[in-house]
Amino acid sequence: YNPPLTKMAASADVTHDVVYLLSSPERDYLLRNNGDQVKIENLKGKKVGIYFSASWCGPCRKFTPTLVEAYDEVVSKGDFEIVFSSADEDDEAFKGYFSKMPWLAIPFSDSETRSRLDELFQVRGIPNLVLLDETGKVVTEDGVDIVREYGVEAYPFTSARIQELRDREEEARRNQSVRSLLISPSRDFVISSNGNNVPVSELEGKTVGLYFSHNSFGPSSDFTPKLVRVYEELKARGENFEVVSIPLDEDEESFKEVLGSVPWLSLPFKDKFCGKLAQYFELSTLPTLVILGPDGKTLNSNVAEAIEDHGVVAYPFTPEKFAELDEILKAREAAQTLESILVSEDLDFVIGKDGVQVPVSELNGKVVLLYFSAHWCPPCRAFLPKLVDAYHEIKAKGNALEIVFISSDKDQASFDEFFGGMPWLALPFGDSRKRSLSRKFRVSGIPMLVAIGSSGRTLTTKARDLVLQYGARAYPFTDEKIKELEAEEDEIAKGWPEKLTHETHEHKLALTRRKVYYCDGCNEQGHAWSYYCEKCDFDLHPKCVLKEDKGNKDDTNVDKSKDGWVCDGEVCKKV
């Protein structure tokens, strides 16, 4: 992510008196975490960062150590300071969190100043870092993104410095090589499994895999043995191939243990280039194996799935090889049967109630829905009653349908409780087929519903949306059936105005096809058609608009945790 320079520039004309900004009529000092008071006037002539954060905010706790690392390197210059403005709920939480910070803070008791800063800088999400130059001029309000991306290199955090770093990055991408990626100012080597230093220059001219992994993360630890087999086979064939681990582990002992068990090289533990490479390659999933060609240029951003599916056959990971693999996959899909999906060696059954084994062969000729779900997952629990209703309705009409529950529950008891409310079949808890099925259908979130046709071919991986949208009418989940249902929806919408205004929203609303949404008028779920404002992501049921039925505006189901803050991903936002 690149923080927008436009926002930085837009704030550059705003200048603040740092003493007035951080003080109150009763207070002319800031605090250190040992209780010492520091006069605010001591900050005059310094660059100042105002850090909006809180102990209850997960993204804040994750970012604070990164900021501490940058601060520790910069503070010795004597011209930089950070001031913590807390959004904690009580003094005890504030003190516990502040104890981990080496900088200054506004006293927790001065809620008026903290609120004034929130409003002044329009803080709607935390962590947030506003950076001021020596004169009090706002340099940027995107300090968090800048520190995440560049760390101490961004100092003094000006737009000119950030542009310089971006220009340097672009040049590095154009001239990418193994040396530019793996050599740092203080290190020109990687390390072997026995701890010896190996010059990066020895990797030049080779095909190199950069292996991003976290050894305590299940998918990484499962993939590593497969990569070892591929690596050893390629080495036995005399291929000019090497792997370099980019460790993301937090525990050094675990890192050393794994490094000693693999035959390839690695960056050192906690090397700063690990995080930089993760950003450079826009790491989004683990495991990731980036392939560099003999010229040091990126051949493929992640071949982990290819190795899972094809093993050593995926080498040398070139576009031509992946075109061949695509043809292999198409041939497999054309020949797919229910047994090829659900049978693995002697595991040729699913289970019914009380663990009764049902041979997979008994499901042949039926439409089979693979239901990836778990008891701990709120969306899964919310979707289950809708799926049960659709299941019973489809079965009542004599249709050949079965559902197989594939659990992501954490223990047998949770599985038993959740499966107890389902009228269909399941894979046994902990069954090894779950992992291969999740990989085959690219399950990245649950609930997910995959429809397999009576021939054994995959119909859709989006059957959940179809059940939410059409219920039992979606059966048998074929393209032809869905087109028929969409045509019925088009007929229903004939005569409705394409655009209109409504008293509940300031902008014009356009009649828009929407799969599933929640109406901002009545808070009920809708599908097919909505009067929609794309700019505001605002939906109204056609019935709420056309019949002037304002609905129920009860918002008791909205998650407003932590006094109006909601945490999502990298940020906690005000509702």
Side-chain angles (χ1 to χ4, degrees), residues 3 5 8-9 11-24 27-53 60 63-86 94-95 97-108 110 113-114 117 120-121 123 126-166 168 184-186 270 272 275-276:
L5 286 175
M8 297 174 69
S11 302
D13 293 333
V14 181
T15 302
H16 300 278
D17 181 329
V18 70
V19 174
Y20 173 78
L21 190 69
L22 300 174
S23 65
S24 70
R27 178 184 54 79
D28 62 354
Y29 62 87
L30 298 166
L31 294 178
R32 292 207 178 276
N33 58 19
N34 61 2
D36 288 351
Q37 296 181 2
V38 176
K39 293 290 186 180
I40 298 173
E41 63 183 19
N42 291 347
L43 299 184
K44 284 186 174 181
K46 290 188 176 183
K47 303 172 185 67
V48 175
I50 304 175
Y51 182 41
F52 301 88
S53 186
C60 300
F63 174 71
T64 295
T66 302
L67 185 57
V68 168
E69 184 177 348
Y71 175 86
D72 286 343
E73 290 195 42
V74 172
V75 71
S76 60
K77 298 178 184 294
D79 64 350
F80 179 71
E81 190 53 81
I82 291 177
V83 178
F84 171 39
S85 180
S86 175
F94 162 77
K95 288 179 178 176
Y97 191 37
F98 183 39
S99 68
K100 301 177 177 65
M101 300 177 182
W103 45 73
L104 306 174
I106 296 167
F108 183 77
D110 190 355
T113 297
R114 292 186 289 115
L117 291 172
L120 178 64
F121 294 109
V123 177
I126 54 175
N128 189 309
L129 179 64
V130 176
L131 293 165
L132 312 177
D133 71 8
E134 299 89 337
T135 68
K137 183 179 291 187
V138 176
V139 175
T140 179
E141 296 175 0
D142 292 305
V144 169
D145 292 320
I146 290 171
V147 172
R148 276 194 185 124
E149 187 165 1
Y150 299 109
V152 70
E153 282 189 273
Y155 185 82
F157 311 111
T158 61
S159 57
R161 176 58 177 167
I162 302 307
Q163 188 61 56
E164 179 186 342
L165 292 174
R166 288 183 190 163
R168 188 188 300 173
S184 73
S186 61
K270 288 282 190 179
K272 289 182 179 179
K276 290 183 178 180

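Because the structure is a prediction, the values reported are computed rather than measured.
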So which atom in [X] and which in [Y] form the shortest heavy-atom distance, rounded to 0.1 Å?
X	Y	result
Val75	Asp72	CG1-O, 3.9 Å
Lys100	Val68	O-CG2, 4.0 Å
Phe98	Arg32	CE2-C, 3.4 Å
Arg161	Ala154	CG-O, 3.2 Å
Thr135	Thr15	O-CG2, 3.3 Å
Pro127	Val144	O-CG2, 3.5 Å

Return yes if some donor-acceptor pair links the side-chain N/O of [X] with the main-chain N/O of [Y] below 3.5 Å, else return no.
X	Y	result
Asp110	Thr113	yes
Asp28	Ser23	no
Arg114	Ser86	yes

Considering only heavy atoms from C-beta outward, does the side chain of [X] approach that of [Y] to under 4.5 Å?
X	Y	value
Val48	Val83	yes
Val152	Glu69	no
Phe63	Val147	yes
Tyr155	Lys77	yes
Ile106	Leu30	yes
Phe121	Asn128	no
Leu131	Lys47	no

Could you grab the distance from atom [atom1] of [X] to atom [atom2] of [Y], nearest 0.5 Å is fine?
X	Y	atom1	atom2	value
Leu129	Leu67	CG	CG	6.0 Å
Glu149	Thr66	CD	OG1	13.0 Å
Glu153	Glu73	CD	CD	9.5 Å
Lys272	Ser186	NZ	OG	8.0 Å
Glu41	Leu22	CD	CG	13.0 Å
Asp142	Ile162	CG	CD1	10.0 Å

Handout entry: Intermediate values then yes/no, side-chain contact (heavy atoms from CB on, under 4.5 Å), Tyr97 and Cys60
Key = CA-CA 10 Å; Tyr97 191 37; Cys60 300; 3.5 Å; yes
Exercise for the section: Inspect the surroundings of NZ in Lys95 and state if more than 12 heavy atoms from other residues, nucleotides or ligands are less than 6.0 Å away. Expected result: no
Practice task
Report yes if the distance between the aromatic ring centroids of Phe80 and Phe157 is under 6.0 Å, otherwise no.
Solution key: yes
Exercise for the section: Kindly confirm or rule out a cation-pi arrangement of Arg166 over Tyr150, judged by NZ or CZ under 6.0 Å from the six-membered ring centre and within 45° of its axis? Expected result: no
Practice task
Show the numbers, then the answer: is there a side-chain contact (heavy atoms from CB on, under 4.5 Å) between Lys46 and Val18?
Solution key: CA-CA 9 Å; Lys46 290 188 176 183; Val18 70; over 6 Å; no
Problem - CA sep, side-chain torsions, deciding dist, call: Leu43, Leu104, side-chain contact (heavy atoms from CB on, under 4.5 Å) - result: CA-CA 11 Å; Leu43 299 184; Leu104 306 174; 4.1 Å; yes
Practice task
Walk me through it: do Tyr51 and Thr64 pass the test side-chain contact (heavy atoms from CB on, under 4.5 Å)?
Solution key: CA-CA 9 Å; Tyr51 182 41; Thr64 295; 2.7 Å; yes
